[in-house]
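Here the structure comes first, spelled out in structure tokens, and everything after it is commentary.
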Amino acid sequence: MTDTADIQAGLPTAARRHLPDAPFLVAARGGTPERVPVWFMRQAGRSLPEYRAVREGVPMLAACFDPELVREVTLQPVRRHGVDAAILFSDIVVPLVAAGVDLDIVAGTGPVVAEPVRTPDAVAALPTLDPAAVAPVAEAVRLLTAALGDTPLIGFAGAPFTLASYLVEGGPSRNHEHTKALMYSDPETWHALLDRLADITLTFLRAQLAAGVDAVQLFDSWAGALSERDYRQYVLPHSARVLSGLADAGVPRIHFGVGTGALLGAMREAGADVVGVDWRTPLDEAVRRVAAAPGEFAAGPVVQGNLDPAVLFAGDEAVRAHAERIVAEGRSADGHVFNLGHGVLPQTDPDVLTRLVELVHRLPVR
């Protein structure tokens, strides 16, 4: 499908693959797959020795703009673990960097912004994203869809609130005090900032869709710092604009945040087809909250999650018990994609992940 944004991008549009039986896509659309699908957030990363080998000496941002390296890193967990979906190797700040924002990813710290954005003038000065600036990412997607066979590829981006938090704070923050101060003291500037970031996020995700990704995930990593009232007032309209702007692509849209148990219904209301759940909320309770969201949806509640990444250090018996519980809880949803409740921790033994995939695949879907 080619839309106006794709034509304006001047980038080639790939025909999306037809994968009607892929378990991940079947579950994400509320169907009954042949097995419980499983993939892991941060499955391509520091837990894999082959990842550390190819990344040696290559800065993170440089890696994200190298199509061949992105292809290799994204494929690594598919080869090793047999997961049911690949997720594009990238970083949530990539579209900001591509747009021209002066920031860097500092080892041991995370994204650091040279000039924090805290005033109306700073918001007005934010650049827009030219789709051509993320052409290397689109090329990586095309390389991956040619290499993945019948394994779906998930594209992703950071949600406007989380991007705003990095820009306003100047980097990672525990309390988000500058972010909340701007939000409460100057709502007009706040909404102007998130509106600009929604544009950037939409452009980035549309470039991935035009290149052929099979699903998208919108990460709102820091939304759990907000009450439901504040989320609805200051965040939901902008996330909804991103998710609704992708509806015509016809691919599953996943929305995930950390510490968002109180926000799950609102996150579905924003337009998510699949709501990601962290480890703090039992999956059957999450299903009840998602199902209670107002609005009309194409399918019943579909959830993704939610094994605590720390359980992977507790031994095979603990992993088995928690995985069986989560799959059982997930049967209360119309569809369940097994995942962690956050990303794979760097010290995780890759063999534990491989055995977990094999275990989940053996468990009955219903």
Side-chain touch [X]/[Y], heavy atoms, less than 4.5 angstrom:
X    : Y    : result
P252 : L25  : yes
V94  : F65  : yes
V168 : M183 : no
V242 : P160 : yes
V213 : V251 : no
H238 : F161 : no
L197 : L96  : yes

- Item | Side-chain donor or acceptor of E329 paired with backbone N/O of A286 under 3.5 Å |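 No.
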Nearest non-hydrogen partners of [X] and [Y], listed with the distance:
X    : Y    : answer
H336 : V327 : CE1-CA, 4.1 Å
V352 : L312 : CG1-O, 3.7 Å
A164 : L193 : CB-CD2, 3.9 Å
A133 : A98  : CB-O, 3.5 Å
P309 : W279 : CD-CE3, 4.1 Å
A333 : V303 : CB-CG2, 4.0 Å

Scan for salt bridge (charged side-chain N to carboxylate O under 4.0 Å, His left out) pairs involving [range], sequence neighbours excluded, and state none if there are none.
range            : answer
residues 262-279 : R232-E269, R253-D273, D278-R280
residues 147-175 : none
residues 211-221 : R17-D214
residues 346-359 : R80-D351, D316-R355

- Hey, quick one: are V113 and V106 part of the same hydrophobic cluster, counting side-chain heavy atoms closer than 4.5 Å, chains of contacts allowed?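 No, because V113 and V106 fall into different hydrophobic clusters, even though each may have its own neighbours under 4.5 Å.
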- May I ask whether I154 and V26 are part of the same hydrophobic cluster, defined by side-chain heavy atoms of I, L, V, M, F, W, Y residues being less than 4.5 angstrom apart, directly or through others?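 I154 does not cluster with V26.
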- Message: Would you compute the distance between atom OG1 of T201 and atom CG of L218 and round it to the nearest 0.5 angstrom?
- Response: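 It is 7.0 Å, given to the nearest 0.5 Å.
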- Message: Distance check, rounded to the nearest 0.5 Å: L340 atom CG versus L356 atom CG?
- Response: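 Between L340 CG and L356 CG, I get 7.5 Å after rounding to 0.5 Å.
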- Item | Flag if over 12 foreign heavy atoms under 6.0 Å of CD, E285 |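 More than 12 heavy atoms, drawn from other residues, nucleotides or ligands, come within 6.0 Å of this atom.
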- For H255, all residues meeting ring pair (Phe, Tyr, Trp, His ring centres under 6.0 Å), sequence neighbours excluded: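 Testing H255 for ring pair (Phe, Tyr, Trp, His ring centres under 6.0 Å), a comparison that skips the adjacent residues, returns none.
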- Item | ring pair (Phe, Tyr, Trp, His ring centres under 6.0 Å) involving F156 - partner list, sequence neighbours excluded |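 Scan of F156 (ring pair (Phe, Tyr, Trp, His ring centres under 6.0 Å), adjacent residues dropped) gives F219.
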Apply salt bridge (Lys or Arg N to Asp or Glu O under 4.0 Å) to [X] and list each qualifying residue two or more places apart in sequence or on a separate chain.
X    : result
R42  : none
R71  : none
R52  : none
D199 : R241

- Other ILVMFWY residues reachable from F297 by side-chain steps of under 4.5 Å: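 Listed partners: none, F297 stands alone.
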- Stepwise salt bridge (charged side-chain N to carboxylate O under 4.0 Å, His left out) test for E72 and R79: CA-CA 10 Å; E72 170 58 23; R79 296 191 198 111; 2.9 Å; yes
- Query: What pairs of residues pass the side-chain hydrogen bond (donor to acceptor under 3.5 Å, both in side chains) test when at least one of them lies in residues 25-39, not counting sequence neighbours?
  - Reply: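 Every pair satisfying side-chain hydrogen bond (donor to acceptor under 3.5 Å, both in side chains) with a residue in residues 25-39: R35-D84, R35-H361, W39-Q304.
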- Relative to each other, are the rings of H191 and Y234 parallel, tilted or perpendicular (30° and 60° limits)?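 Parallel.
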